[in-house]
Number of protein chains: 2
Amino acid sequence: MGDVFKALADPTRRALLDELQDRDGQTLFELCTRLLHRGVSSSRQAVSQHLDVLEQAGLVRRRREGRYTFHSLDTSPLRAITERWRIDPEEGPCGSP
Amino acid sequence: MGDVFKALADPTRRALLDELQDRDGQTLFELCTRLLHRGVSSSRQAVSQHLDVLEQAGLVRRRREGRYTFHSLDTSPLRAITERWRIDPEEGPCGSP
DNA sequence: TCGACAGGCAAGCGCTCACTTGCGTATGGT
DNA sequence: ACCATACGCAAGTGAGCGCTTGCCTGTCGA
């Protein structure tokens, strides 16, 4: 549980999740180069360690294929947040009293 | 934005939010004693600093009254989480294709 | 087969974080 | 007036975090 929040506490890791949501199944170098275009400058090893944290938090899944390692996003751990502290969905399109 | 996640990264702070959701408008000492009953042992100053972090993150509001300082919960910053990465509400009661 | 590519592993360094310690301030009961 | 209460402020300390550096393992193309 705490691992999820610790993972989300870093701006680079949040940018990685944004990037994976934009395009799923990217490799390490793809993520590095696309982070650069976003203005986030991080070395390969740094990004790799960030992905380790995200994987341990259950937010990212790794799939090894040949010499490539593809990463995919998994937002299911975030659902526990909305269930712990009641978050009113701001009376969204569901509201019908 | 990152302040919210950094605030949520600590288990003591999450326990404080739980406690405030259970009973709103508690003072520092009330929160300290009730944390003890939950098994979370923290000094007064430690809890005060945690509340500082939560206040800076916008998750807790302070209201000074005489020599008491009451704390109230505000979950609105958490809504940004659900809006950033689409979190399916597990096909809640809203689903009607 | 050889070299370039994609990635993993681990130690070291600077910085932040959580906590403690000590003192100061203001309120309220008696 | 006096003292206990409720709380704030600030410096110091130990542990964890993010990043770098260096080296090693597989994998694919020419």
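Below, read A as the first sequence line, B as the second, and so on, with proteins coming before strands; counting in each chain starts at 1.
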Gap between atoms [atom1] and [atom2], on [X] and [N] respectively (whole Å):
X     : N      : atom1 : atom2 : answer
B:D52 : D:dA10 : CG    : P     : 11 Å
B:Q56 : C:dC17 : CD    : P     : 10 Å
B:D3  : C:dT16 : CG    : P     : 14 Å
A:F5  : D:dG16 : CZ    : C1'   : 19 Å
A:L28 : D:dT27 : CG    : P     : 17 Å
A:L35 : D:dG18 : CG    : C1'   : 15 Å
B:L51 : D:dC7  : CG    : P     : 10 Å

Where at least one partner belongs to residues 51-63 of chain A, residue pairs that pass salt bridge (charged side-chain N to carboxylate O under 4.0 Å, His left out), sequence neighbours excluded: A:D52-A:R62, A:E55-A:R62, A:R61-A:D74, A:R63-A:E65
Indicate for each nucleotide in nucleotides 18-30 of chain C, in 5' to 3' sequence, whether protein heavy atoms under 4.0 Å reach the base (B), only the sugar-phosphate (S), or nothing (-). SBBBB----BS--
Run the salt-bridge test on B:K6 and A:D10 with the 4.0 Å N-O cut-off and return the result as yes or no. no
Contact under 4.0 Å: A:S48 side-chain N or O vs C:dG8 OP1/OP2: yes
Check against side chain to side chain contact (heavy atoms under 4.5 Å, CB included), B:L28 and B:S48: CA-CA 7 Å; B:L28 219 181; B:S48 179; 4.0 Å; yes
Going hydrophobic residue to hydrophobic residue with side-chain gaps under 4.5 angstrom, can you get from A:F29 over to A:L73? no
Joint cluster assignment, B:L8 & B:M1, ILVMFWY side-chain distance < 4.5 Å: yes
How does the hydrophobic cluster around A:V53 look, that is, which other residues are in it when side-chain heavy atoms under 4.5 Å mark a link? none
